[in-house]
Amino acid sequence: MDATLYLIAVIGVMAGATLLTRALPFLLFARGAEHPTLLYLGRVLPPAVMTLLLLYCLKDVPLATAPHGLPEALALAAVVGLHLWRRNALLSIGAGTGLYMFLVQSGVFG
């Protein structure tokens, strides 16, 4: 098989699998959206996923060496503060990421 054709086939299979995994829950649970298990999962999974992402992001923060996690703490405070103020996830995550990148890349903390 030609290399180009092989790559196109691989991309096609990956695109199809991605589309299927994204669309399958909507197809399977279209009528059962009021099921108590789905309602429970819809209520508890978003905070659980956000908690896991937060723990994963903070797992390698060097607390024993300078700057002792100060850029991460400031960015996290900015995210929480903006989210409590505006209730806009895109704004709070984007601004927090921007602040963190500025603090880390500018050398403010050494």
Side-chain angles (χ1 to χ4, degrees):
M1 180 182 278
D2 185 16
T4 304
L5 186 60
Y6 176 76
L7 288 176
I8 290 173
V10 168
I11 291 171
V13 169
M14 290 190 314
T18 301
L19 179 65
L20 181 66
T21 57
R22 300 297 190 269
L24 197 58
F26 293 103
L27 295 174
L28 291 177
F29 300 115
R31 290 189 214 163
E34 298 299 323
H35 193 276
T37 303
L38 287 179
L39 294 175
Y40 173 75
L41 290 175
R43 187 169 42 89
V44 299
L45 278 182
V49 169
M50 293 303 288
T51 303
L52 285 174
L53 287 173
L54 177 67
L55 292 174
Y56 181 77
C57 288
L58 297 177
K59 70 178 176 64
D60 293 330
V61 173
L63 296 176
T65 60
H68 305 289
L70 193 55
E72 291 83 2
L74 290 174
L76 182 62
V79 168
V80 170
L82 278 173
H83 192 72
L84 290 175
W85 178 41
R86 289 302 209 181
R87 300 278 181 203
N88 185 336
L90 187 61
L91 173 68
S92 58
I93 292 171
T97 302
L99 176 63
Y100 175 72
M101 292 308 294
F102 171 75
L103 292 174
V104 171
Q105 297 294 325
S106 67
V108 172
F109 296 105

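We use all heavy atoms of the structure for the numbers below, so side chains are in, but hydrogens, waters and symmetry mates are not.
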**Q** Hey, any chance I11 and L19 share a hydrophobic cluster, counting ILVMFWY side chains that come within less than 4.5 Å of each other, even indirectly?
**A** no
**Q** Indicate the atoms forming the closest heavy-atom contact of S106 with V108, along with that distance.
**A** OG-CG2, 2.8 Å
**Q** Please walk me through it: do V44 and Y40 pass side-chain contact (heavy atoms from CB on, under 4.5 Å)?
**A** CA-CA 6 Å; V44 299; Y40 173 75; 3.6 Å; yes
**Q** Would a distance-only check, ignoring hydrogens and angles, find a side-chain to backbone donor-acceptor pair under 3.5 Å from H68 to L63?
**A** yes
**Q** If you take all heavy atoms of P46 and L41, which pair is closest and at what distance?
**A** CD-O, 3.9 Å
**Q** Within the structure provided, determine whether L76 and L54 are in side-chain contact (heavy-atom separation under 4.5 Å).
**A** yes
**Q** Give me the atom names and distance for the closest heavy-atom approach of G96 to A75.
**A** O-CB, 3.6 Å
**Q** Does L39 share a hydrophobic cluster with F26, counting links as ILVMFWY side-chain heavy atoms below 4.5 Å and allowing steps through other members?
**A** no
**Q** Which heavy-atom pair separates L74 from L99 by the least distance, and what is that distance?
**A** O-CD2, 3.8 Å
**Q** CG of L90: more than 12 outside heavy atoms within 6.0 angstrom?
**A** no
**Q** Specify the closest pair of heavy atoms between E72 and L58, including all atoms of both residues, with the distance to one decimal.
**A** CB-CD2, 4.1 Å
**Q** Of the non-hydrogen atoms in V61 and G69, which two are nearest, and what is the gap between them?
**A** CG1-CA, 3.5 Å
**Q** If you apply the rule side-chain contact (heavy atoms from CB on, under 4.5 Å), what do you find for Y100 with L103, and how did you get there?
**A** CA-CA 5 Å; Y100 175 72; L103 292 174; 5.6 Å; no
